[in-house]
Amino acid sequence: MSSGLDTGMDSLSLNDTRPVEKDIAEHPAIESTLLINCDEELQCSSADELCQRLNCRPDTPVKVVSIFGKTGDGKSHTLNHAFFDGRPVFATSARPESCTVGVWAALDSQSRALVLDTEGLQGETSNENQRTRLLLKILAISDIILYRIKADRLQNDMFLFLGDASRSYTEHFKDELVKAIPKEDSGNIAPLSRFGLKAIVFHETHHTETLAGGDQDLRDRFERLNSTGKSCAYAKLIYVGIRSSPGQPTNFEPLRKRLHRALHSNEIRSPRPIRVIYGMLRALNEKFSGQISDLRRSVFPDEYFTCGSRCVCCQAKCTLSMNHGSAGGRGHLAPPDSNCRYTAERDNKVFLCETCYLRGQRNDVAYQLSGRGESGLFGLAKYAWSGYVLECPTCGVIYRSRQHWYGNEDPERAKVVRSEVRHVWDDADVVPGAEGSLNAAQRLLDGVNFAVSSVSAALPTQVITDYISDSIAPSNWVPNSQIEKCHRCGMSFLEEPDMDKHHCRSCGQGFCHRCSNYRAHVSGYGSDKVRVCETCYSSSGSAPASVVANDTKLRQYTELLTSACGSVYSSTAGAIKGFARPSYWQRDEDISQCSYCEKPFHSKRSIHHCRRCGMGVCDPCSPKRQPVPARGWDTEVRVCNKCYQKA
């Protein structure tokens with residue numbers, strides 16, 4: 001006795017000529033239509049378009065029958081005789097080329113079956129694995145699988161394919177099929193977990209006997225070759241064997257009878273609307289798609305249905321299904337027994353607050369120059385006194401590197417944190433949980449620099465600098481405010497604002513660096529050689545005395561003080577920058593030229609770092625700003641032209 005959903009189906013026959021229900025139109029000239037091509041591309045944009053081609057309504061309930069087998073074994077011919085009384089619904093050909101490419105569909109209105117003809121195995125193709133993945137997706141949406149084999153003995157390839165199909169269905173396809181069922185139909189369709197697939201092996205021989213044990217013999221052979229210990233996707237394996245004489249037509253009657261029984265049995269799933277079947281195929285095709293290796297293996301590997309991302313540090317592979325991160329899905333997941341290894345380049349070691357860990361919480365902590373409640377300048381001053389901090393979002397500041405005058409321990413040895421090495425996935429560029437730790441210190445310095453530059457930009461800095469310089473300059477120097485161009489070459493300082501003005505210590509005129517890059521003894525400046533212009537330098541080996549000695553003292557003291565303060569600032573700033581530099585940044589001492597334009601760096605061409613790739617670039621090659629969340633920069637920051645174009 002069949003279930004309620006199968007009521008009225010038991011009395012139908014494959015050769016029944018009674019009028020069909022109105023939801024399936026009578027169409028004498030049944031034609032097949034291409035459902036999906038060999039590149040795994042659906043040829044119908046919607047279920048309505050498919051039903052229009054099949055001449056039925058989207059709510060028409062059917063069962064799906066698909067056929068598989070080697071190319072040349074007569075799959076299309078078998079379907080034409082098993083369902084359509086020998087009419088050429090599916091194309092056949094006597095030519096050596098395969099007559100079926102992709103997957104074709106036709107509707108048998110009498111048996112209420114959506115019949116799918118597939119491309120033959122071992123036929124000519126550019127990618128055998130892609131074809132196999134396509135066939136496995138078709139197999140997953142089927143209710144009855146028909147495997148056609150024309151050989152004197154059952155071959156290993158058939159059992160391997162059926163084994164691959166079983167594993168793919170149970171491990172990858174079943175959950176996705178359940179998700180694809182619309183909520184309004186979930187109550188009318190029996191759960192997929194209750195009923196498995198039904199596989200029929202149609203074996204035709206010429207010179208040998210068929211299996212004497214029938215179904216049981218086939219089952220025993222299948223289990224012997226696929227003894228994985230995992231659940232099988234097939235509710236039943238059916239063997240239909242016939243022995244044909246060479247040159248005589250094949251007897252399809254035994255196959256028709258077994259198909260009729262299978263279609264109207266309550267041991268497989270109830271009929272589903274065609275729109276639901278189309279939705280399942282579309283969901284599988286969107287989920288399991290993309291590039292696939294063309295290296296064929298004896299067993300179809302799971303990697304063709306799982307995420308292809310790997311850890312760049314230990315090469316561990318993500319165990320989740322393909323495209324799991326789309327639409328806000330979860331991140332990558334490594335195998336439970338895979339321990340990552342630390343690499344300095346990726347800096348994939350993170351710290352966890354020990355107190356929170358013992359409470360069952362996992363709070364990441366990162367090196368910072370200051371705590372959350374400390375302003376930029378105050379935090380910088382506190383860093384100079386107490387060192388860097390480790391701050392937990394729950395416990396607050398848990399460690400300072402110079403908390404005491406002496407005897408400060410490493411944070412791990414002090415048992416305030418515990419370290420953990422994490423995977424860095426090849427499509428992430430950063431270790432999960434460490435985005436903020438990569439640049440926490442650098443963000444603080446950027447904030448301080450921004451504040452200083454904002455204040456500086458609001459003042460007429462060049463005017464103030466010129467005024468101070470003129471106030472302490474010797475009396476024979478031309479005031480900076482009156483110097484608009486180089487006294488020798490005529491270069492305009494107004495057009496080149498980045499070029500500094502220099503004074504000849506002898507004549508006092510204003511020059512550019514190139515025209516005053518000479519040193520000579522000048523009376524009043526002591527025994528050291530000082531800057532002079534080319535003209536004064538060429539007039540004699542020693543420039544003439546032109547100023548009173550006391551007139552130069554204030555200028556000499558100012559230059560000495562400026563040089564000393566600059567050295568102190570440079571060493572301090574260099575030390576802070578060295579600590580604050582994110583681990584993926586190129587070190588300043590290793591940079592000699594811009595990585596983009598390859599122009600060398602000098603005093604007038606400063607080194608900047610791209611926040612995305614970490615390479616050293618000049619300012620003209622990094623004018624763009626954009627957020628880089630993968631590196632922990634949530635606001636717009638400097639990126640080089642190359643990274644900006646990629647983004």
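Side chains included, hydrogens not; waters and symmetry mates left out as well; all remaining heavy atoms used.
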Sub-3.5 Å donor-acceptor pair from the side chain of [X] to the main-chain atoms of [Y], do we have one?
{"X": "Thr33", "Y": "Ala105", "result": "no"}
{"X": "Arg256", "Y": "His81", "result": "yes"}
{"X": "Thr208", "Y": "Asp152", "result": "yes"}
{"X": "Arg638", "Y": "Ser622", "result": "yes"}
{"X": "Arg112", "Y": "Gln110", "result": "no"}
{"X": "Arg275", "Y": "Ser46", "result": "no"}
{"X": "Lys63", "Y": "Leu263", "result": "yes"}

Under the ring-ring contact (aromatic ring centres under 6.0 Å, His included) rule, collect the residues that match up with [X], sequence neighbours excluded.
{"X": "Tyr596", "result": "none"}
{"X": "Tyr239", "result": "His203"}
{"X": "Tyr147", "result": "none"}

Only counting residues at least two apart or in another chain, list the ones meeting side-chain contact (heavy atoms from CB on, under 4.5 Å) with [X].
{"X": "Pro249", "value": "none"}
{"X": "Pro88", "value": "none"}
{"X": "Glu420", "value": "Val350, Leu352, Arg362, Arg422"}
{"X": "Gln43", "value": "Leu34, Asn37, Glu41, Arg53"}

Say you draw a straight line from [atom1] of [X] to [atom2] of [Y]; how long is it, rounded to the nearest 0.5 Å?
{"X": "His207", "Y": "Arg153", "atom1": "NE2", "atom2": "CZ", "value": "11.0 Å"}
{"X": "Trp104", "Y": "Glu119", "atom1": "CH2", "atom2": "CD", "value": "12.0 Å"}
{"X": "Phe159", "Y": "Arg224", "atom1": "CZ", "atom2": "CZ", "value": "8.0 Å"}
{"X": "Arg133", "Y": "Glu40", "atom1": "CZ", "atom2": "CD", "value": "4.0 Å"}
{"X": "Lys137", "Y": "Arg282", "atom1": "NZ", "atom2": "CZ", "value": "12.5 Å"}
{"X": "Arg611", "Y": "Cys643", "atom1": "CZ", "atom2": "SG", "value": "12.0 Å"}

My understanding is that only residues two or more places apart in sequence, or in another chain, count here; which of them pass side-chain hydrogen bond (donor to acceptor under 3.5 Å, both in side chains) with [X]?
{"X": "Asp217", "answer": "none"}
{"X": "Ser32", "answer": "none"}
{"X": "Thr250", "answer": "Glu204"}
{"X": "Gln248", "answer": "none"}

Can you name the salt bridge (Lys or Arg N to Asp or Glu O under 4.0 Å) partners of Arg243, sequence neighbours left out?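 With sequence neighbours excluded, Arg243 shows a salt bridge (Lys or Arg N to Asp or Glu O under 4.0 Å) to Glu209, given in chain and number order.
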Side chains of [X] and [Y], heavy atoms from C-beta outward: is any pair under 4.5 Å?
{"X": "Ser111", "Y": "His260", "result": "no"}
{"X": "Ile242", "Y": "Leu255", "result": "no"}
{"X": "Leu54", "Y": "Leu114", "result": "yes"}
{"X": "Leu281", "Y": "Leu35", "result": "yes"}
{"X": "Val62", "Y": "Pro271", "result": "no"}

Enclosure of Gln52 CD (heavy-atom neighbours >12, cutoff 6.0 Å):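 Not more than 12 within 6.0 Å, no.
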I'd like to know if Lys198 and Asp143 make a salt bridge, using a cut-off of under 4.0 Å between side-chain N and carboxylate O.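 Salt bridge flag = no for Asp143 with Lys198.
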